[in-house]
Amino acid sequence: MLIFNKKSDLSAFLSPLINQNKSIGFVPTMGALHEGHLSLLEKSLIENDITVMSIFVNPTQFNNAEDLEKYPRTLEKDVEKMSFVSQKIIVYAPSVSDIYEGNTISESFEYDGLEHQMEGQHRPGHFDGVGTIVKRLFEIIKPNKAYFGEKDFQQLQIVRKLVSKHKLPVDIIGCSIFREKSGLAMSSRNERLSPEARKKAALIFEILTKAKEIFQNESITETIHFVEKSFKKHPEFELEYFEIADEETLLSTETKDTTKKYRGFIAVFIEKIRLIDNISLN
Ligand code: AMP
């Protein structure tokens, strides 16, 4: 498996392949790989001649210094996991200076308001950081297709907006959420939970699933009330938000429109670890 740490080396390797019209699939990650990441990788391997996976804990998308510091960094293990999937994966694991060249700040992005909802509201500057890194990685790798998980549904919609606004020549492929057996959405952050908390965290998807059932017959207000009430019964959780929003605009709503698709979005703390998840409601 080829591992590049420098964008100049990676570009030099990829550019003759691009000239030969080889299709490039790209899976950006922050590492600490789990099966959710690997499912994106497998899709890319099927759909493209070449697959590049990046592993980079992007400092500019963290609004919390402790979260950045504690984010798991496990490159050796990650490479081993990838090698079980395929030896043909190209890995790009740059340093902060290779990406930011001594100027570790975000550019400003405007995503038609998508950035002001949910994660954008609770993590100021997060989506400027995401836009900055995704755009830079696309410029270096020049992928035909890039794979993003619905686990970060707001991020997926923001990346789609980034691509359409900046007319970037890449197809964005959304991939469904990969879950642990318990239903807990796989996340690198799950590794930081104690075994007890990891078990308890299955409640998040249980409540989301029940909320989906309730949404079929009850109002949006009733559904939100159910979720809030459910978490109040479990003081080990601190609910940051549960919102029901239109999938396209990400605007939360209190009235149902049968022509629209809705999702329930949640952010919740357990053992001070922030977990997010979402579910399609109709
Ligand atoms: P991250 O390393 O957490 O930034 O995630 C890298 C990519 O993997 C993003 O597109 C995520 O949405 C996606 N991803 C993370 N967890 C999952 C999951 N459980 N199922 C599917 N995709 C995921």
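Heavy-atom basis, side chains included; hydrogens, waters and symmetry copies ignored. Whatever order the structure lists them in is the order used to number ligands and atoms, beginning at 1.
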| field | ligand 1 contact by H34, heavy-atom criterion under 4.0 angstrom | value | yes
| query | Thinking salt bridges, do K261 and E248 make one under a 4.0 Å N-O criterion? | reply | no
| query | Should D49 and K88 count as an ion pair when the cut-off is N to O under 4.0 Å? | reply | no
| said: Which heavy atom of A245 sits nearest to which heavy atom of F265, and what is that distance? | reply: CB-CE1, 3.9 Å
| Basic-acidic side-chain contact under 4.0 Å: D112, K165 | yes
| Considering only heavy atoms, does P28 approach ligand 1 within less than 4.0 Å through its side chain, its backbone, both, or neither? | backbone
| atom 20 (N) of ligand 1: the protein heavy-atom neighbour that sits closest, reported with distance to 0.1 Å | F178 N, 2.8 Å
| remark: Numbered in order shown, the ligand 1 atoms found under 4.0 Å of a heavy atom of F148 are 10 (O)
| request: Determine whether the side chain, the backbone, both or neither of L40 has a heavy atom under 4.0 Å from any heavy atom of ligand 1. | output: side chain
| request: Could you say whether the N/O atoms of D152 and ligand 1 ever approach to under 3.5 Å? | output: yes
| query | Has ligand 1 got any nitrogen or oxygen that is less than 3.5 angstrom from a nitrogen or oxygen of G149? | reply | yes
| message | Counting non-hydrogen protein atoms only, what is the nearest one to atom 4 (O) of ligand 1? Give residue, atom name and distance. | response | M30 CG, 3.7 Å
| field | Ion pair check, E119 and R274, cut-off under 4.0 Å | value | yes
| Closest protein heavy atom (residue, atom, distance) for atom 23 (C) of ligand 1 | K151 CB, 3.9 Å
| task | For M186, take its heavy atoms, then give the atoms of ligand 1 lying under 4.0 Å from any of them. | result | 16 (N), 17 (C), 18 (C), 19 (N)
| field | Min side-chain heavy-atom separation F26-L137 under 4.5 Å | value | yes
| message | Heavy atoms only, cut-off 4.0 Å: how does S176 contact ligand 1, side chain, backbone, both, or neither? | response | backbone
| request: Report the part of E150 (side chain from C-beta onward, or backbone N, CA, C, O) that has a heavy atom under 4.0 Å from ligand 1; answer both or neither where that applies. | output: neither
| request: Classify the ring geometry between Y111 and F109 as parallel (under 30°), tilted (30 to 60°) or perpendicular (over 60°). | output: parallel
| note | the protein heavy atom lying closest to atom 1 (P) of ligand 1 turns out to be H37 NE2, 3.6 Å
| query | Can R198 and E191 be said to form a salt bridge (charged side-chain N to carboxylate O under 4.0 Å, His left out), step by step? | reply | CA-CA 8 Å; R198 194 158 175 164; E191 300 302 320; 3.7 Å; yes
| query | Centroid-to-centroid, F4 to Y92, below 6.0 Å? | reply | no
